[in-house]
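The analysis underlying the following values was restricted to heavy atoms, covering all of them including side chains, and did not include hydrogens, waters or symmetry mates.
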Amino acid sequence: MTVPAKPLVLLDSFDTPCHSWASNRAIRHYMVALVSTVAYLGLEARGVEVQCQVAPGVPAFNIVGLPDKAVAESRERVRAAIAALGLSLPPKRITINLSPADLPKEGSHYDLPIALALLGAMGIIDAETLASYVVVGELSLDGRLAATPGVLLAALHASSENLGLICTALQGAEAAWAGDVEILAPKDLLALLNHFKGQSVLTPPEAGTVPEPDQGPDLKDVKGQETAKRALEIAAAGGHNLLMNGPPGSGKSLLASCLPGILPPLSPAEALEVSMVASVAGTLEGGQMSRTRPYRNPHHSASMAALVGGGLKVRPGEVSLAHLGVLFLDELPEFQRAVLDSLRQPLETGEVSVARANAHVTFPARVQMVAAMNPCRCGHLGDASLACSRAPKCAADYQAKVSGPLLDRIDLHIEVEALSAADLTMPAPAEGSAAVAARVTKARRVQSKRYTDLGARTNAEIDGDALEKHATPDEAGRQLLAQAAEAMRLSARGYTRVLRVSRTIADLADAKQIGRIHVAEALSYRRQAPVS
């Protein structure tokens with residue numbers, strides 16, 4: 001005998017059971033509230049919906065939707081923060097779903113949206129009011145709000161979705177850089193509740209200050225080393241990578257630290273890019289958007305994840321933190337070879353792609369790499385009185401630690417000679433960083449105007465048709481370059497980089513056409529032969 005199926009009763013809410021056979025039971029009340037927040041994937045903020053359901057059943061507090069350990073622990077912080085308000089959780093089954101459920105959720109910034117969704121489901125806050133905001137923030141046990149990385153990205157996401165943003169007062173100035181977006185930045189959960197209840201009004205935060213660029217050491221502090229200073233000026237003008245090879249104490253580190261002082265300050269758009277990376281890394285303090293180009297100087301013991309990004313929770317590495325600035329690698333051969341080789345892709349493409357089983361994250365990495373190294377382990381290869389007994393074999397072994405493909409990506413190779421006693425007793429140079437910076441800024445303006453429609457900022461970024469159109473030498477220059485390419489056995493990449501450097505030298509000379517003299521100087525900075 002076939003038993004007829006029981007018809008389903010379609011209801012327009014969760015207030016009653018769906019099956020007709022249960023219609024005679026007591027009506028069960030399911031309270032639901034929704035709050036918007038974000039998940040960070042590189043410099044992308046993806047929308048996440050925090051769904052809170054308070055339903056009858058055995059009392060429990062569960063968080064689902066691929067939460068990591070920090071998110072799973074939110075329930076204890078939320079429970080304590082709500083208790084600090086004098087409220088208690090209902091003795092019901094509380095379920096928090098972070099949608100989309102297949103997107104990994106990392107970080108403590110989910111605390112505040114979970115707490116607000118729960119308060120909305122409890123009827124403490126109007127759920128419709130919460131729907132107008134993107135919420136981020138970590139909760140302390142007493143209800144205070146703590147800072148979390150990525151607030152600037154969350155504010156930009158809220159602006160694109162025509163929503164407001166709720167964050168901690170500590171990061172209100174940072175969020176205000178997003179522009180035309182309503183921002184609520186309370187110090188604690190109680191202040192936010194009072195604002196929604198109309199008992200007090202939160203003042204909109206103002207954008208953080210823009211401090212004056214920090215110029216760092218001046219080139220007047222560098223005695224001698226005129227060739228190195230010229231190479232530093234060319235590197236700054238065209239955004240080229242630079243390698244300095246010389247004995248210890250010759251001034252390589254000082255020259256590298258002078259580079260930010262001769263670079264032009266960041267444009268507003270560039271400052272926003274740099275600040276977004278700093279926001280994700282949690283290093284943007286006080287909402288200050290700096291116009292100074294980043295200068296990162298990692299120790300040679302840095303791991304691959306520290307240099308290029310990654311880790312258990314994918315974070316930007318040093319090469320991304322130096323985006324649009326300078327990455328200085330001192331004692332280059334002392335870095336692990338695998339770590340150095342991981343820089344090949346970022347130096348070529350200007351971005352880092354970190355692949356994981358559950359995520360694929362991309363960070364910007366358009367940097368100038370400046371590296372310094374000794375000619376050998378003892379550092380005194382050219383001085384017979386100081387060199388070790390293994391010279392010159394020790395030099396070949398030491399320099400072989402740096403791979404040829406990485407060296408091929410470095411545009412300028414210079415030898416920094418040891419300073420003599422006469423050099424040290426000379427007066428300070430008359431020309432300092434200010435004069436060099438003026439020439440660099442002028443050359444950068446020429447490049448910016450030239451590549452307006454190409455999306456490139458400097459000569460170091462041009463390729464393909466742009467290189468053919470703007471970096472083709474005259475007849476004498478082409479002949480010299482062809483002869484040098486054969487004699488020096490330049491790779492296709494090396495040939496391209498010589499053209500880019502030649503274009504920069506011509507820009508510094510205010511020449512529209514690349515000439516033989518510009519090509520000759522560019523070739524003089526090229527590595528003469530592979531390290532044996």
Side-chain angles (χ1 to χ4, degrees), residues 216-236 240-262 295 297-300 326-335 337 340 343 368-404 406-426 428-429 431 433 436 488 497 501 521-532:
D218 196 285
L219 282 174
K220 287 185 178 181
D221 300 331
V222 182
K223 295 187 176 182
Q225 308 298 5
E226 297 304 320
T227 301
K229 290 179 183 178
R230 171 62 177 173
L232 199 68
E233 179 179 344
I234 296 171
H240 303 291
N241 300 324
L242 170 67
L243 173 62
M244 295 178 285
N245 190 340
S250 56
K252 301 186 295 296
S253 299
L254 178 58
L255 282 163
S257 63
C258 290
L259 181 55
I262 62 176
Y295 179 81
N297 182 12
H299 192 261
H300 59 255
V326 179
L327 177 66
F328 178 47
L329 302 181
D330 200 5
E331 306 295 345
L332 186 67
E334 298 297 340
F335 284 82
R337 181 159 186 166
L340 287 180
L343 291 175
Q368 266 187 270
M369 188 185 79
V370 177
M373 60 183 290
N374 297 327
C376 60
R377 184 170 291 280
C378 70
H380 301 285
L381 179 65
D383 191 338
S385 62
L386 296 176
C388 64
S389 59
R390 295 186 64 247
K393 187 178 183 303
C394 69
D397 294 342
Y398 189 68
Q399 296 182 34
K401 293 182 177 181
V402 185
S403 67
L406 179 62
L407 291 174
D408 201 36
R409 286 167 167 82
I410 300 177
D411 305 333
L412 305 170
H413 298 250
I414 60 171
E415 298 291 332
V416 182
E417 302 294 337
L419 292 174
S420 64
D423 293 328
L424 296 174
T425 56
M426 290 176 59
E431 184 177 70
S433 293
V436 177
M488 300 172 64
R497 289 180 180 271
V501 175
E521 184 176 1
L523 288 169
S524 70
Y525 298 123
R526 197 69 198 164
R527 189 165 60 104
Q528 298 299 317
V531 177
S532 60

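- Looking at Gln399, its side chain never comes within 3.5 Å of a backbone N or O of Cys376 through a donor-acceptor pair.
- Shown here for Pro298 and Leu327, the closest heavy-atom pair between the two residues is CD-CD1, 3.8 Å.
- Across every non-hydrogen atom of Ser433 and Asp218, the tightest pair is N-OD1, 3.1 Å.
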Using the side chain to side chain contact (heavy atoms under 4.5 Å, CB included) rule, take Leu219 and Leu232 through it: C-alpha gap first, then chi angles, then the decisive distance, then the call. CA-CA 10 Å; Leu219 282 174; Leu232 199 68; 4.0 Å; yes

Using the rule given for side chain to side chain contact (heavy atoms under 4.5 Å, CB included), can you reason through Glu431 versus Lys229, listing the C-alpha separation, both sets of side-chain angles and the distance that settles it, and then say yes or no? CA-CA 11 Å; Glu431 184 177 70; Lys229 290 179 183 178; over 6 Å; no

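- Atom CZ of Arg526 is separated from atom CG of Leu412 by 8.5 Å, given to the nearest 0.5 angstrom.
- Distance check: Glu331 CD to Ser253 OG gives 7.5 Å after rounding to the nearest 0.5 Å.
- In this structure, CE on Met244 lies 5.5 Å from CG on Leu255, to the nearest 0.5 angstrom.
- Within the 3.5 Å criterion, the main-chain N or O of Ala235 finds a donor-acceptor partner in the side chain of Gln368.
- Taking the six-membered ring where the residue is Trp, Tyr295 and Phe328 present parallel rings, their angle staying beneath 30° rather than reaching 60°.
- A donor-acceptor contact shorter than 3.5 Å links the side chain of Lys252 to the backbone of Pro247.
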Let me see the working for Asn245 and His413 under side chain to side chain contact (heavy atoms under 4.5 Å, CB included), right down to the final yes or no. CA-CA 8 Å; Asn245 190 340; His413 298 250; over 6 Å; no

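- The two residues Leu329 and Leu343 make their nearest non-hydrogen contact at CD1-CD1, 3.6 Å.
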Begin from the C-alpha positions of Glu521 and Val501 and carry the test side chain to side chain contact (heavy atoms under 4.5 Å, CB included) through to its verdict. CA-CA 9 Å; Glu521 184 176 1; Val501 175; over 6 Å; no

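- With rounding to the nearest 0.5 angstrom, the CE atom of Met373 is 9.5 Å from the CD atom of Glu334.
- Rounded to the nearest 0.5 angstrom, Asn374 CG and Leu332 CG are separated by 11.0 Å.
- Residues Asn241 and Arg497 meet the side-chain proximity criterion, which asks for heavy atoms closer than 4.5 Å.
- When every heavy atom of Tyr525 is checked against every heavy atom of Ile234, the shortest pair comes out as CE1-CD1, 3.5 Å.
- Here the closest heavy-atom approach between residue Ser403 and residue Arg337 is recorded as CB-NH2, 3.4 Å.
- When all heavy atoms of Leu243 and Ala372 are compared, the closest pair comes out as CD1-N, 4.2 Å.
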